[in-house]
Amino acid sequence: MGTNLFNKIWDLHRIRTLPDGMDQIFIGLHLLHEVTSPQAFRMLEQKELAVKYPERTFATVDHIIPTDSRSRPLEDPLAEEMLRVLEDNTRRHGIPFFGLDSEDQGIIHIIGPELGLTQPGMTISCGDSHTSTHGAFGAIAFGIGTSQVRDILATQTLALNRSRVRKIEVKGKLLKGVTAKDLALKLIQQLGVKGGVGYAYEYCGEAVSNLSMEERMTLCNMTIEGGARVGYVNPDETTFAYLKGKRFAPSGRAFERAEVFWKSIASDPDAAYDDHFVIQAGEIEPMVTWGINPGQAIGIDQRIPFPEDLSDDEAEVAEKAFRHMGFREGDPVRGRRIDVAFIGSCTNGRISDLREAARVARGMKKADHVRALVVPGSMAVDRQAKEEGLDLIFKEAGFEYRQAGCSMCLAMNPDKLEGNQISASSSNRNFIGRQGSPEGRTLLMSPAMVAAAAITGYVTDSRELWGEADGR
Amino acid sequence: MADKSAGRSVIKGMGLPLMGNDIDTDRIIPARFMKCVTFDGLGAYAFFDERYDVNGDQKDHIMNDERYAEGSILLVNKNFGCGSSREHAPQALYHWGIRGFVGESFAEIFAGNCNSLGLPAVRVSREAIGKLMEICMANPSPVLTIDLKEGYVSAEGTAFPASLPEGYRRALIEGTWDVTQTLLEGSGEVDRKYRELPYLRGFT
Ligand code: SF4
């Protein structure tokens, strides 16, 4: 029996087994942002410890920044303080920092891959659950708490329990107009929001091999929403092609040697797994959530389930969702009126996402009653979008085109829902209150579906608009 | 957290039944309260939007119920603490007064964060949590006992088998949940690993 990628990387990074039975694991790349790090630096100082390898930690500011103006001091004094503290901490400890004035600033999970920091075969951690995104490159990447951020800063290692590995095989091809986001939502709906607890997910099969790197990032990003902390795709030619020429990626002869290493850490063809799940890509439709967790999703033409058809656990959460959302069992989700459309986040704020949305929005006008926002995931995405004229397409369609950050994904900046507004959102969480209003309601979907909803004002199958927009 | 030196084999306290599956960290501590550089003030904001309406008036919630003001062991159902990795979630509950969790299951990062803080998050069966919640709903006074050595949770003379990952259990019993020191002891091997890993050696 061969070995899967997860176990190969784990063994490569294992320092020793600790007295309590956990493994001490070396963390090859540590990413940092303003929300979960200040307390970690403080703990470090209380223990009078230095940062062990400051050159293996990279920081940016993403959650709290306004997307309309970057002038300092930030209008919100609490946000300004968090930014100041991060600037101080990174300066004091010699940690590379892509700050507000850096042309590389952006959402941490977007800039890591863009800069070539994220590479196959690494262990990658960040005080942020969507660190799973980086698994798209064939790395073990996972979110941690603030005490663990402290541990990495002090020791470059963590104490961890090894996960089991579930192989998720996506057979066949995705239908035209069905995206990685739809695949991710479908998998969570099928396996449940807690189905992945204790597991790392290996995504494979024809449909996964066919995904671009950005689509793989979307898929791995959503892994945590299914309860699994780690999701990954084995590195292949698509991965290597993406990495070529990236600033922190190896170059020249080193790239060739790197490729040999990257290939060697991919799962063996006869690798063993703890579990195996198979799904047919061709059966997946564009997905939309109707509830208060990402597993409460249905295909665009399906109806909201009846509690009787759900397990007891699911029925309990469904009842709570109906109360919050004001939806009823048996209702369609198609045709549901929306108030806000949000395109952005570490799930779907990359250039390919903006292109997909722009394809729908081109030559159209948003519905009068909708507020539509496009927030590029990074400064680099923003530059590329402008070069391609996407910003103008959005503006002409009546969308607000804004500056890079997390924005309305979790609304720690001024971009928030108001009252019980309903938002069509390309982000990753529809939890109660997630988009800034305790009564706000979120419908998760792909960027093209969000753009389509912005234009008609209602939840719409984006495939129907594409034809009109592109004459296809 | 307080009392780091000693291990925690037995935790006693009043139970606080909080029903519901898949309670996420955005509900435990809404993101707008995370604009802080210390964890100290977070207790006031635990479950804020579930406890207060938009006008700041109290809603019907167990953590607003005077009779449970001394509650320190939170009883929960499945997948408690799912969603974000924010340590702000267990920190907010700790600062509110929670010293342990008993539930059907916990999200993985949340469980890890609890361990980092020396807070036990033990799993019991569905029947057991149902019974424990029933007991604590009927009457707020009984003291619950989490016994990590013997592996049970008890209330009113009835004991239910309870478990948590072995590494966490040992860390709590031995008082070694703050692992920084232990990890530092591996420093020599860490330096060797740094020199050996292909991607840190520039693939030479
Ligand atoms: S975009 Fe959303 S999920 Fe991603 S890092 Fe920012 S807040 Fe977290």
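Throughout, a chain's letter reflects where its sequence line sits, starting with A, and its residues are numbered from 1.
The candidate from A:S163, A:P19, A:G145 with the greatest count of non-hydrogen atom pairs under 4.5 Å with chain B is A:G145. Per-residue heavy-atom pair counts under 4.5 Å with chain B were compared for A:R16, A:Q39, A:Q119, and the maximum is reached by A:Q39. If you tally non-hydrogen atom pairs under 4.5 Å between each of B:R86, B:H88, B:R32, B:E196 and chain A, the highest count goes to B:H88. Contact count against chain A (heavy-atom pairs under 4.5 Å) is highest for B:I109 among B:I109, B:I23, B:D49. Among B:I173, B:D191, B:T204, the residue with the largest count of heavy-atom pairs under 4.5 Å with chain A is B:D191. The residue among A:A411, A:G433, A:A258 with the most heavy atom pairs within less than 4.5 Å of chain B is A:A258. Taking chain B as the reference chain and counting heavy-atom pairs below 4.5 Å, the highest number among A:T131, A:L12, A:L18 is found for A:L12. If you tally non-hydrogen atom pairs under 4.5 Å between each of B:L200, B:V179, B:V190, B:N113 and chain A, the highest count goes to B:V190. Annotation: maximal heavy-atom pairing with chain A below 4.5 Å, among B:A171, B:G186, B:G83, occurs at B:G83. When the candidates A:M43, A:E55, A:E34 are compared by the number of heavy-atom contacts under 4.5 Å with chain B, A:E55 comes out ahead. Of the residues considered (A:R429, A:Q156, A:M22), A:R429 shows the highest number of contacts with chain B, using heavy-atom pairs under 4.5 Å.
One finds the CZ atom of A:F261 at 10.0 Å from the CZ atom of B:R201 (value rounded to the nearest 0.5 Å). In this structure, CD1 in A:I144 is found 7.5 Å from OG in B:S85, a value given to the nearest 0.5 Å. The CE atom of B:M34 sits 13.0 Å away from the CG atom of A:L78 when rounded to the nearest 0.5 Å. Atom NE2 of A:H63 sits about 12.5 Å away from atom NZ of B:K35, to the nearest 0.5 Å. Residue A:L410 holds its CG atom at 8.0 Å from OG of B:S84, rounded to the nearest 0.5 Å. Separation of atoms SG (B:C82) and CG (A:N293) is listed at 7.0 Å; rounding is to 0.5 Å.
When only modelled atom types and interatomic distance are considered, B:T180 and A:R150 share a side-chain donor-acceptor pair under 3.5 Å. Between the side chains of A:K52 and B:S187, at least one donor N or O sits under 3.5 Å from an acceptor N or O. A:T36 and B:E87 share no side-chain donor-acceptor pair at under 3.5 Å.
Atom CG of B:D57 has more than 12 heavy atoms from other residues, nucleotides or ligands within 6.0 Å. Heavy-atom neighbours of B:E166 CD from other residues, nucleotides or ligands within 6.0 Å: above the threshold of 12. Counting non-hydrogen atoms of other residues, nucleotides and ligands closer than 6.0 Å to NZ of B:K59 gives a total above 12. Summarising the local packing, CZ of B:R170 is surrounded by more than 12 heavy atoms from other residues, nucleotides or ligands at distances under 6.0 Å. Heavy atoms from other residues, nucleotides or ligands lying under 6.0 Å from OH of B:Y68 number more than 12. Within a 6.0 Å radius of NZ in A:K416, other residues, nucleotides and ligands contribute more than 12 heavy atoms.
For B:L197, the part sitting under 4.5 Å from any heavy atom of chain A is the side chain, from C-beta outward, and nothing else. Within the 4.5 angstrom heavy-atom criterion, atoms from both the backbone and the side chain of A:V35 approach chain B. If you measure heavy-atom distances from A:F248 to chain B, you find no contacts under 4.5 Å at all. Both the backbone and the side chain of B:Y194 come within contact range of chain A, each with at least one heavy atom under 4.5 Å from a heavy atom of that chain. For chain B, the nearby parts of A:T123 are the backbone and the side chain; heavy atoms of each come within less than 4.5 Å. Only the side chain of A:P250 comes within contact range of chain B, with at least one heavy atom under 4.5 Å from a heavy atom of that chain. Only the backbone of A:R14 comes within less than 4.5 Å of a heavy atom of chain B; no side-chain atom from C-beta onward does. When heavy atoms are compared at a cutoff of 4.5 Å, A:V193 approaches chain B by way of both its backbone and its side chain. Heavy-atom distances place the side chain of B:N115, and not its backbone, under 4.5 Å from chain A. With a 4.5 angstrom heavy-atom cutoff, A:L49 touches chain B only via side-chain atoms. For a residue to count as touching a neighbouring chain, one of its non-hydrogen atoms must lie under 4.5 Å from one of that chain's; by this rule B:P30 does not touch chain A. Of the atoms belonging to A:N428, not a single heavy atom falls under 4.5 Å from chain B. When heavy atoms are compared at a cutoff of 4.5 Å, B:V54 approaches chain A solely by way of its side chain, counted from C-beta outward. Heavy-atom distances place no part of A:F255 under 4.5 Å from chain B, backbone and side chain included.
Of the candidates A:R257, A:R253, A:E256, A:R257 is the only one forming a side-chain contact (heavy atoms from CB on, under 4.5 Å) with B:F203.
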Please test B:R126 against A:D313 for salt bridge (charged side-chain N to carboxylate O under 4.0 Å, His left out), starting from the C-alpha separation and ending with a verdict.
-> CA-CA 11 Å; B:R126 186 190 187 100; A:D313 289 347; 3.1 Å; yes
Hey, mind stepping through B:R27 and A:I292 against side-chain contact (heavy atoms from CB on, under 4.5 Å) and telling me if it holds?
-> CA-CA 11 Å; B:R27 269 155 78 182; A:I292 55 172; 4.2 Å; yes
Output, in order, the C-alpha distance, side-chain angles, deciding distance and verdict of side-chain contact (heavy atoms from CB on, under 4.5 Å) for B:Y199 and A:M122.
-> CA-CA 8 Å; B:Y199 58 86; A:M122 288 181 168; 3.6 Å; yes
Please walk me through it: do A:K47 and B:D178 pass salt bridge (charged side-chain N to carboxylate O under 4.0 Å, His left out)?
-> CA-CA 11 Å; A:K47 288 175 185 272; B:D178 183 343; 2.6 Å; yes
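When every heavy atom of B:C36 is checked against every heavy atom of A:P38, the shortest pair comes out as O-CG, 4.1 Å. Residues A:E316 and B:N21 share a closest heavy-atom pair of OE1-N, 3.0 Å. The two residues B:D26 and A:I432 come nearest to each other via the heavy atoms CB-O, 4.4 Å. B:E189 and A:I15 make their closest contact through OE1-O, 3.4 Å (heavy atoms, listed as atom of the first residue, atom of the second, distance).
Counting only heavy atoms from C-beta outward, the side chains of A:D20 and B:R169 never approach each other to under 4.5 Å. Contact of the B:D24 side chain with the A:E225 side chain is not registered, since no non-hydrogen atoms from C-beta on lie closer than 4.5 Å.
Listed for the B:E108 side chain is no donor-acceptor partner under 3.5 Å among the backbone atoms of A:V197.
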